[in-house]
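Hydrogens, waters and symmetry mates play no part in the numbers below; they use all other heavy atoms, side chains included. When a residue number appears, it is its place in the shown sequence, counting from 1.
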Amino acid sequence: MLAALQAKLGGIDNRVFRAGSCLSGGVVGRGETCGALTGGMLAIGNEVGRERLDDIPQLRKARDIATELYLRFQQEVGHSVCGEIHTLKFGRTYRLYDPEEMKAFHEAGGHGDDGCPLVCAAAARITADIILRLRGN
């Protein structure tokens, strides 16, 4: 998701992409907050986040913008937690850190057109919409 935003929008530092490496599968495959959503938060933080710890007004601005992403994503996808998204899409949660569970997830269509790619596309589309609006596009 971050790679797509980086390629299409630019302005996303390679270190931000690198920092997102462990987010997939709801944080290292543990089913927590969706990695695509968290990646979108990183992209928004990269765009409007504060540069100093004491810049509280900028922190508030970034949090307000990130809240918009969160709410829009949750409305479109149905949840913000990876494991819950699995349940909505496939009827159960998969422990993606377990090789057998990852295989079952893949066989259930987890990486098919209606699985994670669709969720990542939603996160990327919403994030891009917000960033483009912030840039005045």
Side-chain angles (χ1 to χ4, degrees):
M1 198 283 301
L2 279 169
L5 290 175
Q6 189 179 41
K8 296 295 183 183
L9 301 180
I12 295 175
D13 189 282
N14 282 335
R15 290 182 297 167
V16 174
F17 174 77
R18 194 166 104 195
S21 295
C22 300
L23 298 177
S24 68
V27 184
V28 296
R30 302 295 175 177
E32 300 296 331
T33 302
C34 173
L37 174 59
T38 308
M41 299 288 176
L42 284 173
I44 286 174
N46 184 74
E47 192 74 20
V48 296
R50 64 184 172 173
E51 293 184 18
R52 296 180 333 275
L53 189 59
D54 64 346
D55 189 351
I56 303 306
Q58 194 63 32
L59 170 64
R60 288 185 181 125
K61 177 181 178 179
R63 287 179 63 169
D64 287 347
I65 294 165
T67 296
E68 178 188 348
L69 167 61
Y70 174 85
L71 293 173
R72 287 176 61 186
F73 178 87
Q74 193 171 44
Q75 181 178 18
E76 184 170 330
V77 174
H79 215 287
S80 62
V81 175
C82 178
E84 296 299 324
I85 295 168
H86 291 179
T87 300
L88 289 170
K89 291 190 163 294
F90 307 109
R92 63 167 281 209
T93 298
Y94 294 87
R95 297 171 301 161
L96 300 178
Y97 59 88
D98 178 290
E100 290 300 314
E101 290 275 307
M102 175 60 93
K103 181 180 177 190
F105 178 70
H106 185 72
E107 290 171 354
H111 293 114
D113 291 343
D114 293 326
C116 279
L118 190 64
V119 173
C120 291
R125 184 177 59 257
I126 296 165
T127 304
D129 179 59
I130 292 169
I131 289 173
L132 289 172
R133 185 183 74 231
L134 291 169
R135 291 180 182 175
N137 296 333

Listing, residues 54-66 side-chain donor-acceptor contacts under 3.5 Å, not counting sequence neighbours, or none:
residue	atom	partner	partner atom	Å
D54	OD1	R52	NE	3.1
D55	OD1	Q58	N	3.2
Q58	NE2	V48	O	2.6

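Applying the ring-ring contact (aromatic ring centres under 6.0 Å, His included) rule to pairs touching residues 4-57 yields nothing, sequence neighbours excluded. Within the structure, salt bridge (charged side-chain N to carboxylate O under 4.0 Å, His left out) contacts touching residues 27-50 (residues at least two apart or in different chains) are E47-R135. Screening residues 14-28 for salt bridge (charged side-chain N to carboxylate O under 4.0 Å, His left out), with sequence neighbours left out, gives D13-R15. Sorted by first and then second residue, the side chain to side chain donor-acceptor pair (under 3.5 Å) pairs involving residues 110-120 (not counting sequence neighbours) are H106-H111.
Linking Ile, Leu, Val, Met, Phe, Trp and Tyr whenever their side-chain heavy atoms come within less than 4.5 Å leaves V81 and L71 in two separate clusters. Note on V119 and Y70: same hydrophobic cluster, where clusters join Ile, Leu, Val, Met, Phe, Trp and Tyr whose side-chain heavy atoms are under 4.5 Å apart, directly or indirectly.
Applying the side-chain contact (heavy atoms from CB on, under 4.5 Å) test to A123 and every residue at least two apart in sequence or in another chain returns M1, A36, F73. Under the side-chain contact (heavy atoms from CB on, under 4.5 Å) criterion, A128 pairs with L5, L9, sequence neighbours left out. Residues meeting the salt bridge (charged side-chain N to carboxylate O under 4.0 Å, His left out) test with R92, sequence neighbours left out: E101. Judged as a ring pair (Phe, Tyr, Trp, His ring centres under 6.0 Å), and not counting sequence neighbours, the contacts of F90 are F105. Annotation: side-chain hydrogen bond (donor to acceptor under 3.5 Å, both in side chains) contacts of T87 (sequence neighbours excluded): T93. Partners of R72 by side-chain hydrogen bond (donor to acceptor under 3.5 Å, both in side chains), not counting sequence neighbours, listed by chain and number: E68, D129.
No side-chain heavy atom of C34 sits under 4.5 Å from any side-chain heavy atom of V77. In this structure the side chain of V28 never reaches within 4.5 angstrom of the side chain of Y97, judged on heavy atoms. Put simply, the side chain of H86 reaches to within 4.5 Å of the side chain of L96, judged on heavy atoms.
Apart from L118 itself, the hydrophobic cluster it occupies contains nothing, where clustering links Ile, Leu, Val, Met, Phe, Trp and Tyr at side-chain heavy-atom distances under 4.5 Å.
A43 and T127 make their closest contact through CB-CG2, 3.9 Å (heavy atoms, listed as atom of the first residue, atom of the second, distance). Pairing each heavy atom of G110 with each of P117, the nearest pair is O-CD, 3.8 Å. The nearest pair of heavy atoms linking A108 to Y94 is CB-OH, 3.4 Å. Between G11 and N46 the shortest heavy-atom distance is O-ND2, 2.7 Å.
Rounding to the nearest 0.5 Å places CD1 of I12 at 9.5 Å from CG of L42. The structure places CD1 of I85 at 8.0 Å from CG of L37, a figure rounded to the nearest 0.5 Å. Annotation: the span from I130 atom CD1 to L69 atom CG amounts to 5.0 Å, rounded to 0.5 Å.
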